[in-house]
Amino acid sequence: MPTPSAARIHEFEVVSNTPVAEGIWSLVMRAPKLAEGLSSGQFMSIAVPGDATQLVRVPLSFSKADPVKGTVETEYAVVGDGTRRLSLMRPGDTSDVLGPGGHGWRLESHPRRVLLVAGGIGITPIVSAARWLAREGVEFDAIVGTKTVNTLWGFDELMSVGVQHVVITSDDGTAGDQGFTTDALEPALAGGEYDLVLTCGPEVMMHKVADICAAVGVACEVSMERMMTCGFGACATCVVPTRSGNVGACMGGPVFDAKEVVW
Ligand SMILES: Cc1cc2nc3c(=O)[nH]c(=O)nc-3n(C[C@H](O)[C@H](O)[C@H](O)COP(=O)(O)OP(=O)(O)OC[C@H]3O[C@@H](n4cnc5c(N)ncnc54)[C@H](O)[C@@H]3O)c2cc1C
Ligand code: FES
């Protein structure tokens with residue numbers, strides 16, 4: 001028997017929903033039970049009001065869960081109809097959210113120092129990882145990749161939670177070093193300081209991050225994005241091929257050991 005999902009449906013109220021970079025919004029919702037239950041790297045699936053023909057929820061990671069205030073924060077890119085309608089929600093608006101989904105980052109290797117690698121909107125669960133590492137007393141650095149300076153979010157948040165060193169890369173050179181996160185990763189790992197890399201971003205980036213880590217023998221966890229129709233293990237739209245067969249990202253992920261993924 002597969003393990004039943006821990007996800008439940010929670011009512012939420014929008015506290016704030018504002019643009020924070022070009023095409024990127026930050027939503028803070030009040031959902032106290034969800035805020036208590038989320039672990040870093042897990043996700044939630046939001047029912048977005050506004051179109052009764054759209055039955056599928058929008059799966060999103062979170063950057064901050066505050067059990068004291070009862071709030072959950074997520075940053076999301078407006079890419080299609082669901083996220084466009086989400087960006088129209090205003091403070092006081094209500095809907096419901098399914099979560100916590102799947103399982104998140106692990107610290108099984110008891111790392112001394114962690115390198116976080118975020119590409120684009122993959123920064124959302126990476127900021128959550130940074131908060132968690134800071135709480136656990138684990139030192140960490142970050143590489144953050146963005147298309148351009150206008151789409152950059154997360155630098156201030158990483159600084160505020162105590163990241164030691166951040167390298168920014170941008171495709172067009174308008175922020176930090178021109179190039180990709182993976183260009184910065186190889187020299188960063190060459191010093192042998194890190195024993196774990198956590199990464200989220202475009203799949204092509206995560207694949208390369210996984211290969212670079214494997215080549216130098218550094219453990220790596222990847223947060224995989226998939227279409228998710230149900231979000232609780234019932235539909236098999238979210239499979240990730242692994243060395244042990246196909247695994248649903250909504251229950252067996254979204255975080256995977258990079259060595260397990262068949263890219
Ligand atoms: C575990 C997980 C965490 C995620 N975290 C974030 C995050 O923190 N921030 C962020 O900006 N994006 C995140 N995404 C991607 C986000 O879910 C999609 O961008 C969003 O669902 C697109 O919906 P749409 O209706 O705007 O776009 P459309 O392309 O119009 O989508 C049409 C339908 O397909 C589904 N769909 C489309 N793309 C995806 C996708 N990649 N994954 C799952 N369902 C999809 C949607 O449910 C929607 O109903 C995450 C995805 C997953 C699986
Ligand atoms: S989204 Fe339905 S099984 Fe994973």
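All residue numbers in this chain count up from 1 along the given sequence. The figures here come from the full heavy-atom set of this structure, side chains too, leaving out hydrogens, waters and symmetry mates. Atoms within a ligand are numbered from 1 in the order they appear, just like the ligands themselves. Please read these numbers as outputs of a predicted model, since none were measured by experiment.
- The nearest protein atom to atom 22 (C) of ligand 1, hydrogens excluded, is given as V79 CG2, 3.6 Å; this is a heavy-atom distance.
- Put simply, W132 and I123 are part of the same group of oily side chains (I, L, V, M, F, W, Y) that touch within less than 4.5 Å, one to the next.
- Neither the backbone nor the side chain of A249 has a heavy atom within less than 4.0 Å of ligand 2.
- Relative to atom 30 (O) of ligand 1, the option among T74, D81, I123, I126 with the closest non-hydrogen atom is D81.
- The closest protein non-hydrogen atom to atom 20 (C) of ligand 1 is V58 CG1, 3.9 Å.
- Counting protein heavy atoms only, atom 39 (C) of ligand 1 is closest to M227 SD, 3.5 Å.
- A salt bridge links R84 with D81: the distance from a Lys NZ or Arg NE/NH1/NH2 to an Asp or Glu carboxylate oxygen falls below 4.0 Å.
- For P59, a nitrogen or oxygen atom sits less than 3.5 Å from a nitrogen or oxygen atom of ligand 1, counting backbone and side chain alike.
- When distances to atom 4 (Fe) of ligand 2 are checked against a cut-off of 2.8 Å, C250 contributes an N, O or S atom below that limit.
- Of the protein's non-hydrogen atoms, the one nearest atom 13 (C) of ligand 1 is L60 CD2, 3.6 Å.
- Within the listing of ligand 2, atoms 1 (S) sit less than 4.0 angstrom from a heavy atom of T229.
- For residue C238, no N/O/S atom approaches atom 2 (Fe) of ligand 2 to within less than 2.8 Å.
- In terms of heavy-atom proximity, A175 sits nearest to S170 at O-OG, 2.6 Å.
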*asked:* Checking F232 against C250 for the side-chain contact (heavy atoms from CB on, under 4.5 Å) test, could you report, in this order, the C-alpha distance in whole Å, the side-chain angles of both residues, the deciding distance, and whether it holds?
replied: CA-CA 6 Å; F232 53 86; C250 70; 5.8 Å; no
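- Taking hydrophobic clusters as Ile, Leu, Val, Met, Phe, Trp and Tyr residues chained together by side-chain heavy-atom distances below 4.5 Å, W105 does not share a cluster with V197.
- Residue contacts with ligand 1: R84 is placed with no nitrogen or oxygen under 3.5 Å of a nitrogen or oxygen of the ligand (distance criterion only).
- A donor and an acceptor atom, one from each side chain of S63 and E75, are located under 3.5 Å apart.
- Residue-level proximity to ligand 1 for F43 is carried by the side chain, the only part with a heavy atom below 4.0 angstrom.
- In this structure, atom 33 (C) of ligand 1 is not in close contact with the protein, since no protein heavy atom lies within 4.0 Å of it.
- Of all heavy-atom pairs between A35 and T71, the closest is CB-O, 3.6 Å.
- Among protein heavy atoms, atom 24 (P) of ligand 1 sits closest to G82 N, 3.5 Å.
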F256 and V247: side-chain contact (heavy atoms from CB on, under 4.5 Å), yes or no, with the steps? CA-CA 10 Å; F256 289 83; V247 176; 3.8 Å; yes
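- Of all protein heavy atoms, the one closest to atom 1 (S) of ligand 2 is G231 N, 3.2 Å.
- Those atoms of ligand 2 with a heavy atom of T237 less than 4.0 angstrom away are 1 (S).
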**Request:** Determine, stepwise, if the pair M29 / M44 fulfils side-chain contact (heavy atoms from CB on, under 4.5 Å).
**Result:** CA-CA 12 Å; M29 58 172 90; M44 58 202 174; 4.1 Å; yes
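- The shortest N or O to N or O distance between A77 and ligand 1 is under 3.5 Å.
- When all heavy atoms of A65 and P67 are compared, the closest pair comes out as O-CD, 3.4 Å.
- Within the set T83, T124, V56, the minimum heavy-atom distance to atom 23 (O) of ligand 1 is found for T83.
- Inclusion of S61 in the set of residues having an N or O under 3.5 Å from an N or O of ligand 1 is warranted.
- Shown here, atom 18 (C) of ligand 1 is out of close reach of the protein: none of its heavy atoms lies under 4.0 Å off.
- Test N17, T83, T124 against Y76 for side-chain hydrogen bond (donor to acceptor under 3.5 Å, both in side chains) and you get one pass: N17.
- For T146 and T151, the side-chain atoms include at least one donor-acceptor pair closer than 3.5 Å.
- Applying the 4.0 Å criterion to heavy atoms of G233 picks out, from ligand 2, the atoms 3 (S).
- Taking the charged nitrogens against the carboxylate oxygens, E203 and R226 do have a contact shorter than 4.0 Å, which makes a salt bridge.
- More than 12 non-hydrogen atoms from other residues, nucleotides or ligands lie less than 6.0 angstrom from OH of Y194.
- Residue W25 is grouped with residue F62 when hydrophobic side chains (ILVMFWY) are merged at heavy-atom distances under 4.5 angstrom, including chains of intermediate members.
- Remark: ligand 1 and G80 share an N or O pair separated by less than 3.5 Å (distance only, no angle test).
- Side chain to side chain, T174 and D172 meet the donor-acceptor criterion of an N or O pair below 3.5 Å.
- Ligand 1 has no nitrogen or oxygen under 3.5 angstrom from a nitrogen or oxygen of I121.
- Protein heavy atom closest to atom 47 (O) of ligand 1, with residue, atom name and distance, is R57 O, 3.1 Å.
- Considering backbone and side-chain N/O of E75, one or more are found under 3.5 Å from N/O of ligand 1.
- Scanning the protein for heavy atoms near atom 51 (C) of ligand 1, the closest one is E225 CG, 3.2 Å.
- A236 N, 3.1 Å is the protein heavy atom nearest to atom 3 (S) of ligand 2.
- Among protein heavy atoms, atom 42 (N) of ligand 1 sits closest to R226 O, 2.7 Å.
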